[in-house]
Amino acid sequence: MKATLLPPPPPPAKRRRGPRVAVLALFLCSLLVPLAFLFDRSQSGYVTTDERRRQEVVLPEFHHVEKADGDGTVNGLNQDAPKKTPKVNSGGLQKHKQTDRHTSRISTKPKVLPSPKVDPSEAVKESTQGTREVSKVRKRLDKGTNTDEVENEKACQLEFGSYCLWSREHKVVMKDSIVKRLKDQLFVARSYYPSIAKLEGQEELTVLMKQNIQDHERVLSVSTVDADLPSFINKKMEQMEQTIARAKSCTVDCRNVDRKLRQILDMTEDEAHFHMKQSAFLYNLGAQTLPKSHHCLSMRLTLEYFTSSSLGSNDSSARKFSAAHGRHYVILSKNILAASVVINSTVNSSKDPKKIIFHILTDAQNFYAMKYWFDKKSYREAAVHVVNYEDIIKEKLTKFNVRHLYLSEEFRVLVRSTEQPAGKTRMEYLSLFSHSHFFIPEIFKDLNKVVVLDDDVVVQRDLSFLWSLDMGDKVNGAIEFCGLRLGQVRNLLGSTTVDTKSCAWMSGINVINLDKWRKHKVTENYLLLLKKFLTKDETSLRAAAFPLSLLSFQHLIYPLDERLILSGLGYDYAIDEDVARSSAALHYNGNMKPWLELGIPSYRRYWKRFLTRDDKFMDECNIIP
């Protein structure tokens, strides 16, 4: 019988390294991506429709430094978020440390016609008598705060912005106060235990302390709130307190105990700061994104626009849009409901709505939804003209580089006193024109005067008197904000000559003389200034709106009566409701917009009063006013 030799077994196949590397890469990505999201290192794809990132300016209060020709200190220009923001421009922030060595050049004012003072209508006077009382209410609320509270609040606002105000108003009752006391006892016992265990003659105390530590650990492992604790927990706490008192009476090496307690303190502070940073990030994410239900409404309206067969152009409305005798309002918005509330409130407050024409500048993404919505709605015979801003810039105004629509930019201004550095820091939100506002005269070449409204404004009184204002040779009728002067932020304004005593101004309600705008070549000057500021990305471009708005309208601002509009309803909890109810207009500047769940509840009802409710798409998208 022949023996057959079996062939040798084949060599084991070499494992490919490619799949293993791919799996390892996927595992690392699964770890890094959530961290990037948590610490805001990556852009959120959800922030598409209503991006409103706030900027930050920290400066001393002006009336304390007026003797020094308005010189102030600006700490930075950052977004209102837990993270830091890149610098705005090389001519501004990067040189702010040398500003004290140079004196600003004060340019001579151009010769302009005297501006006649026109008083607002009697309705505005009567309805805004209490507006000046807001500051008194704020001062009363500020009393009674000790130095530690002031310092903690200042540090919180410097790092986290308006989140500190929101978190202070939304404090919840602690449900784990006893659990926290147990943890504190456990920390102290653990810090003493190693030193006690080394002492001779303290074997009984060592065993007792170890037993109490184990009992506390066992209870805390199954308890997160006070309701989870067993009934005998008070007895355990008393035993632990007595054991800690005996340990403190022993002679131990204080350095070991001190080092252990410091480690625990540092760990607790790091954990608290991490949770604060995480909460502030989620707060800012909620403030800078549009709710999902609003996205649903926009998409449903867009779909309905293309599937509807009843759409057609109205020639009479088209002719009315360019009527020179009408009262033209311009609104820049990407939010359908916000724009609708502005129009509803303005029309319902007007004595003669037939003369009103609204021009809504929106982006390509929301154009068809906006058009369908306003074509189907009636606003007491007022005309509504929806304009695709991006298409106009692309097709007719090709010389301009800023192609995307930007809404009014808001900057968080932290004002503090130079004479009392430990005093309370006052936070204000300064809203200014964005880059898109500077192209309004080019878009509406047939008009000579418009009123620009922000989409976070609610009008409560008739604004017809604004059309009778004689602003002389001024261009922009605006509310001045003299809590901030150009001299305080001249290190952010580059090398351009400035009048250091000129006040800043705010958007919200602005009367624009387009003829004077073209005469003074404001748009051309804006484009020249834009070239001086380095705008590497969108963040720096939007931050540049701060100096560009202030410089472009220098000496061209006509101050409106400050009682015309009440600002701060998007961040200030101290506004008296009677004052808000009687004001001519309300401005929800700040992070807490009225269409967000973060909005201040007591102020949201003024906005909801003008919200359209009888619409099937709002019901289908679950928009709950």
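- Counting heavy atoms from C-beta on, the side chains of Asn366 and Asp363 come closer than 4.5 Å.
- Under 3.5 Å, the side chains of Asp462 and Ser464 contain a donor-acceptor pair of N or O atoms.
- In this structure, Tyr558 and Asn513 have side chains that are not in contact, with every pair of non-hydrogen atoms separated by 4.5 Å or more.
- Here the shortest heavy-atom pairing between Leu548 and Phe438 reads O-CZ, 4.2 Å.
- In this structure, Tyr588 contributes its side chain and Tyr603 its backbone to a donor-acceptor pair below 3.5 Å.
- Remark: Asp473 CG to Leu556 CG distance equals 8.0 Å, nearest 0.5 Å.
- The distance from atom CG of Asp454 to atom CG of Asn510, rounded to the nearest 0.5 Å, is 7.0 Å.
- In this structure, Ser345 contributes its side chain and Val342 its backbone to a donor-acceptor pair below 3.5 Å.
- Nearest heavy-atom pair, Leu541 versus His435, reported as atom, atom and distance to 0.1 Å: O-NE2, 2.5 Å.
- Gln488 and Gly483 make their closest contact through OE1-O, 3.7 Å (heavy atoms, listed as atom of the first residue, atom of the second, distance).
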Between Leu586 and Val457, is a side-chain contact (heavy atoms from CB on, under 4.5 Å) present by the stated rule, with each step listed? CA-CA 6 Å; Leu586 306 175; Val457 167; over 6 Å; no
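- The pair Arg542-Glu410 does not meet the salt-bridge criterion, since no charged nitrogen lies less than 4.0 angstrom from a carboxylate oxygen.
- Here the side chains of Leu493 and Phe533 are not in contact, with every heavy-atom distance at 4.5 Å or above.
- A donor-acceptor pair is defined here as one N or O able to donate and one able to accept, closer than 3.5 Å; no such pair exists between the side chain of Ser549 and the backbone of Phe546.
- For the salt bridge (Lys or Arg N to Asp or Glu O under 4.0 Å) test, residues two or more places apart in sequence or in another chain that qualify with Arg518 are Asp515.
- Rounding to the nearest 0.5 angstrom, the gap separating the CG atom in Leu463 from the NZ atom in Lys351 is 11.0 Å.
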Should Arg485 and Glu480 be marked as a salt bridge (charged side-chain N to carboxylate O under 4.0 Å, His left out) after you check the CA-CA gap, both sets of side-chain angles, and the distance that decides it? CA-CA 10 Å; Arg485 312 239 178 184; Glu480 287 190 324; over 6 Å; no
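- In summary, the side chains of Asn525 and His520 do not present any donor paired with an acceptor at a separation below 3.5 Å, with no hydrogens or angles considered.
- Contacts classified as disulfide bond (SG atoms under 2.5 Å apart) and involving residues 494-558 (residues at least two apart or in different chains) are given here: Cys482-Cys503.
- Side-chain atoms of Pro594 and Tyr606, non-hydrogen and from C-beta on, never get closer than 4.5 Å to each other.
- The disulfide bond (SG atoms under 2.5 Å apart) pairs that include a residue from residues 430-480 number zero, where partners must be two or more places apart or lie in different chains.
- With salt bridges taken as basic N to acidic carboxylate O contacts below 4.0 Å, none links Lys501 and Asp499.
- In summary, the side chains of Glu428 and Tyr571 do present a donor paired with an acceptor at a separation below 3.5 Å, with no hydrogens or angles considered.
- Between the side chains of Asn335 and Asp455, no donor N or O sits under 3.5 Å from an acceptor N or O.
- The closest donor-acceptor contact from the side chain of Lys474 to the backbone of Pro559 lies at 3.5 Å or more, if one exists at all.
- Residues Ile512 and Phe433 meet the side-chain proximity criterion, which asks for heavy atoms closer than 4.5 Å.
- In this structure, Phe553 has its ring center under 6.0 Å from that of Trp505.
- Under the 4.5 Å side-chain criterion, counting only non-hydrogen atoms from C-beta, Phe281 is not in contact with Met276.
- The main-chain N or O of Ser583 is found under 3.5 Å from a side-chain atom of Gln460 such that the two form a donor-acceptor pair.
- No side-chain heavy atom of Val451 sits less than 4.5 Å from a side-chain heavy atom of Val330.
- Remark: aromatic rings of Phe439 and Trp517 are distant, center separation not under 6.0 Å.
- Checking Ser431 against Ser507 by side-chain atom types alone, a donor-acceptor pair falls below 3.5 Å.
- Using cut-offs of 30° and 60° for the angle between ring planes, the His359 and His385 rings count as perpendicular.
- Tyr389 and His404 share no donor-acceptor pair across their side chains, judged by distance under 3.5 Å alone.
- Between the side chain of Asp572 and the main chain of Gly568, no donor-acceptor pair closer than 3.5 Å is present.
- Looking at Val458 and Phe610, their side chains come closer than 4.5 Å, going by heavy atoms from C-beta outward.
- Residue Ser333 comes nearest to Ala339 through the heavy atom pair OG-CB, 3.9 Å, listed as atom of the first residue, atom of the second, then distance.
- Taken from OH in Tyr329 to CG in Leu466, the straight-line distance is 6.5 Å, to the nearest 0.5 Å.
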